[in-house]
Structures are given as C-alpha cells and as structure tokens.
Amino acid sequence: MQLQTVTTTIPDWSGDLLAIAVFQTEGTLTLTDPYTTLDQHLNGLLQELINEGEFQGKSGTSLLMRLLPNFPIKKLLLVGLGNRDDFNLETLRRTAATIARMARRERAKTLGMALPHETLEAADAAQAIAEGVLLALHSDVRFKSDPEARQLLPYPESVSLLGLGEQTAALTRAQQICDGVILARELVNAPANQVTPVTLAETAQQLAATYGLTAKILERDECAALGMGAFLGVAQASDLPPKFIHLTYTPPGNVQKKIALVGKGLTFDSGGLNLKTQGGIETMKMDMGGAAAVLGTAKVIGQLKPAGIEVHFIIAATENMISGHAMHPGDILTASNGKTIEVNNTDAEGRLTLADALVYAEKLGVDAIVDLATLTGACIVALGDNIAGLWSNNSELAQALQQASDRSGEKFWQMPLENKYFEGMKSQVADMKNTGPRSAGSITAALFLQQFVDHTPWAHLDIAGPVWTEKEDGYNNPCGTGYPVRTLVEWLCSLS
Ligand code: BES
Ligand code: MN
Ligand code: ZN
C-alpha cells in the first residue's frame, strides 16, 4: 500500500473515497471551512444529508454518500471526531483506523483523508494518522488457507493525506514503528508450535543481521555457569532448549545513556505441575507478549537509529511444561544473585525467568531497566484489558513512561510497590516463596521482581491484559496488539 501526503486541496482531489471529519456540536452540525467549499461543489448535498440525519459529529458516528458519476470523488465519508476538548493524537489514530477499515470494506482503491489537526504539529498528526491506517489494515492471514481471507487485502492501494503539508519523514517513521508493532503482533499470534525459544532466538539473530545489532544467545550450560537457577528451573521440563537472548543496539557516536528492556518470553505456559485448565491454558501462546514487544522495539530502534542511547534487549525464553523432570511444587531454586526461592506454585513461572534476566540486565551497568511481562491474571482483574500496570522504584522513570504513553495512547496505571505485602511471600525454608496470598497478586509479583534489582532505576509493566484483544478495538484487530512497542519507542527516543 502506498501512503503519502499530498498538497492537493479538498475539492481538487480525485479518487474512490474521500474522508473528512468534524467535531461534535450541540445541535445539528453546520459545515465550516475547508469543507464548505467541497459542499458548494456538491450543491449543498452534504449539508442537506447532515440535516436530514441530524448528524452531530459524535465519536463513532459516520455518514457515507455516493456522489454522482461526473464528480471526481466517488464516495464521501464524513466521520465524527467527538468532543473538541478531548481531541489528541489518539483521536486521529482511531479515526484514521475507522476510515481505513471503511475504505477496505467499500473496496476503495484510492483513499483520501482530510482530517483537522487543530493545534497538534502537522508531523505528529501525519504520523498518528499513518499509524492508525497501517495498524488497522494489518490483518494476520498467515495461517488461513481459505483465499477469502485475502480477498479484501489489496484495498486500499493508495492512501493520501491532505492538508498536512509534505510529511515524508513522519510517514517513514510511522511505517518503521508499525513494522515493529506488526512483528510483535505476529509473534504473539503464532502458536507455540511455531514460535518456540529456538525460533525466538532465530528471529533475534535475523533482526541483528538486518539492522546491525549485536546478538548474543546464551545456551543452557552458559546460563548455568551464570547461576541462573530460577530461569533454568522453569525450563527443565521442556523438550526444547531454553535460549537466553541478548540483543544490543549501539548508537552512532557517543553513548549518553544505557537502557535495558527485559521481556517475559514464555512461548507456552501450561502452568507446570500446577497445571492450568481449559479456560486459561489454551491462550498461553501469548505468554511471550513481553518478549514480542522487546523484539518489535528492537526492530524499530534498529531502523530509527537514535543517537546517544545504547539499548539492550533481553529475553529469557523457554516454555513452562510438565514432564518427569518438571519442577515439583516446593522445590527451592537459587537465582543468579544468590537469593533462594521456594516454588510454591509452578504457574508463577514468569517471575522466575525474569529474576535471572533482571540480574543479568543490572550487571550490564545500565541507567534504567524496564521489564514487560504478561505476568498476572490479577492485573487483568485490577485494570481490565486496556490498561497495563506500572510499578517503579523511581518516580522520574515512571513519569517519563507516562509521558510516552500519553503520546502513544497505550495506557498505563501506576500501582504501589507496597513493601508490607511482601510479608505474604515469606518462606519457612528459603529467602522467599514465588507466590503469596490471592489478594494483590499483581503487586506481590512486582515486589518479587524487585528482589532482583539492586540499585538501578527500574519499571515493571504487567501487560497481561492489553497484549491481546478478542474484538476489533480502534486500530487493533482481534489477536495480538503489539502493545506497548510504540510507547517504548517514544520513551527511548525522548532520551536520545
Ligand atoms: N502467564 C500467566 C499470567 C496470565 C494469566 C497472563 C492470564 C495472561 C492471561 C502467569 O504465568 C500466571 O500463570 N500467573 C498466575 C500467578 C499465580 C499462580 C500466583 C496467575 O495469574 O494466575
Ligand atoms: Mn503461569
Ligand atoms: Zn506465565
């Protein structure tokens, strides 16, 4: 698909579908510039239609009209933007997604979009609109043999953004960012017989080769030599070898800041001997959503090549399986910082793998560590499907991530690292248990992770909810969402 900005003004644009958008009004809407000129060309037909339908520009509403054959535009789509006071980049992303989907359904080959951007920078607006289009039109048909699944994919062939000036750089940036989001989505969507620790490591190596990153893959014995007993405890029941993945992006010129991103990489979480049951187990291919977002971010950073920041992408990849050599509930593991853990529940495996990955990250001497994990069902209970939990030992870092999230539209809610709750994780025999009581389950999980970070500013994102969606939602389609690649890119670039 071709995506471009054009300097054509609205009445002069010609093509299959032109989309325009208006803010919500109290009563029925009256068109204003630049749309009035268009309506003059239509002999006032659009305003008439608005009046007849009492269209008010509410968010989620739209009007589609077929124009006469002699008119250079075949169809006109009017979309409601909702309240002007709520207008932001996310409004543009979501509106662009709605329009792109409509254009596909209408089989429009050429789509024009003339959306207002108010006080937003035109470049930011162009990027947001492009992201909305690219993400909404991505449809993962890799595992469908039925040709019908591909029928609408060629539409639209070309998307032109009007009224934003020339924004080639912003569109390239959007394309590169969406490349990473789509990689993350596709890694999450692919089942556990396709995305394994071995193929995750291969994907990392391919990214390194393509974008000039360094790839280091530690095998089981190398992890053992580093004392990663927690990670290897989880891995020991799988027939597949664990892979500890470490990609590094080195910027051109000086390094000002070093950052580590750590992603939970359970390519399947059966629960182990604390086996999950139907109604939970069948979705556990997505338990590598953190790893997917880390690799997606690596793909973007490898293309954007921001100055001044060195970024480490770390994944302790394995499966959580059952077998004769599975961990027993009650086993005691020693992590690579020497702390001992009584595994009172083998299904709390993500934190075990992350423990060693966090210790490894801190040893690199980075300025900040951010981990991303589909860590707890409790976080979904607390915050639902659209908001991730954020925990941090550093308010500056938490604030910077929130700022990035304001721009990306991917929501986080900061949760407390309530030390008292760690009492529930006390073990009779080891330094700690890996699970506490049922209450505050996402908080105790975060407190557990904190045991493996000594002094480095650290943030933990529990993305169990937003990593996956069952229904079409804004620019997300049912399946993996690629959350929170865009926020991480935004944050990393703000440091550069
Ligand atoms: N991968 C799961 C968390 C999860 C659950 C992610 C549902 C996405 C959807 C994690 O490994 C897990 O099993 N957590 C347990 C922890 C419990 C044993 C303390 C959970 O949330 O039930
Ligand atoms: Mn689990
Ligand atoms: Zn898990």
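Whatever order the structure lists them in is the order used to number ligands and atoms, beginning at 1.
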Kindly check if the number of other-residue, nucleotide or ligand heavy atoms within 6.0 Å of [atom1] ([X]) is above 12?
X	atom1	result
F87	CZ	yes
R438	CZ	no
K58	NZ	no
D146	CG	yes
K411	NZ	no

message: Test of understanding: given a 4.0 Å heavy-atom threshold, classify the contact between D347 and ligand 1 as side chain, backbone, both, or neither.
response: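 The part of D347 near ligand 1 is both the backbone and the side chain.
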
query: Is I380 near ligand 1, meaning one of its heavy atoms is under 4.0 Å from it?
result: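 It does; at least one heavy atom falls under 4.0 Å.
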
Return the residue, atom name and 0.1 Å-rounded distance of the protein heavy atom closest to [atom].
atom	result
atom 14 (N) of ligand 1	L375 O, 3.5 Å
atom 8 (C) of ligand 1	M286 CE, 3.5 Å
atom 2 (C) of ligand 1	D269 OD2, 3.6 Å
atom 19 (C) of ligand 1	T435 CG2, 3.6 Å

field: E349 OE2 and D269 OD2 subtending at the Zn ion (ligand 3) (10° steps)
entry: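 Rounded to 10°, it measures 90°.
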
query: Distance-only, no hydrogens or angles: does the T469 side chain make a donor-acceptor pair with backbone N or O of P478 under 3.5 Å?
result: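 No; zero donor-acceptor contacts below 3.5 Å.
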
Distance filter under 4.0 Å to [X] heavy atoms, resulting ligand 1 atoms:
X	answer
A464	6 (C), 8 (C)
K276	12 (C), 13 (O)
E349	11 (O)

Of the listed options ([options]), which comes nearest to [atom] when hydrogens are ignored and any heavy atom counts?
atom	options	value
atom 9 (C) of ligand 1	R351, M284, M288	M284
atom 6 (C) of ligand 1	T353, T374, V467	T374
atom 21 (O) of ligand 1	G377, A445, S270	G377

query: Out of the N/O/S atoms in D269, what is the name of the one closest to the Mn ion (ligand 2)?
result: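 Going through the N, O and S atoms of D269 one by one, OD2 ends up nearest to the Mn ion (ligand 2).
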
task: Please find the N/O/S atom of E349 nearest to the Mn ion (ligand 2) and write down its name.
output: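 Nearest to the Mn ion (ligand 2) within E349's N, O and S set: OE1.
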
- prompt: Atom CD1 in I217, atom CD1 in I245: separation rounded to 0.5 Å?
  reply: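 It is 5.0 Å, given to the nearest 0.5 Å.
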
query: Can an N, O or S atom be found in L375 less than 2.8 Å away from the Zn ion (ligand 3)?
result: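 Of the N, O and S atoms in L375, none lies under 2.8 Å from the Zn ion (ligand 3), which means no.
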
message: Apply ring pair (Phe, Tyr, Trp, His ring centres under 6.0 Å) to residues H312 and Y249 and explain how you reach the verdict.
response: CA-CA 6 Å; H312 298 271; Y249 163 73; over 10 Å; no

- prompt: For Y211 and Q206, does a side-chain donor sit closer than 3.5 Å to a side-chain acceptor?
  reply: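 Y211 vs Q206: no donor-acceptor pair found between side chains.
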
task: Please confirm if an N, O or S atom belonging to D287, backbone or side chain, lies less than 2.8 Å from the Mn ion (ligand 2).
output: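 So D287 does not bind the Mn ion (ligand 2) by this criterion.
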
- prompt: Any N or O of N345 that comes nearer than 3.5 Å to an N or O of ligand 1?
  reply: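 For ligand 1, there is no N or O atom that lies under 3.5 Å from one belonging to N345.
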
field: Test ring pair (Phe, Tyr, Trp, His ring centres under 6.0 Å) applied to F448 and F422, step by step
entry: CA-CA 8 Å; F448 179 92; F422 196 66; 7.5 Å; no

message: So, applying side chain to side chain donor-acceptor pair (under 3.5 Å) with W458, which one of N393, N394, D371 is it?
response: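 Among N393, N394, D371, the one meeting side chain to side chain donor-acceptor pair (under 3.5 Å) with W458 is D371.
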
task: Identify, by name, the N, O or S atom of D287 lying closest to the Zn ion (ligand 3).
output: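 In D287, the N, O or S atom with the shortest distance to the Zn ion (ligand 3) is OD2.
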
message: Quick check: closest heavy atoms across A445 and T376, and the distance to 0.1 Å?
response: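 In this case the closest contact between A445 and T376 is CB-CG2, 3.6 Å.
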
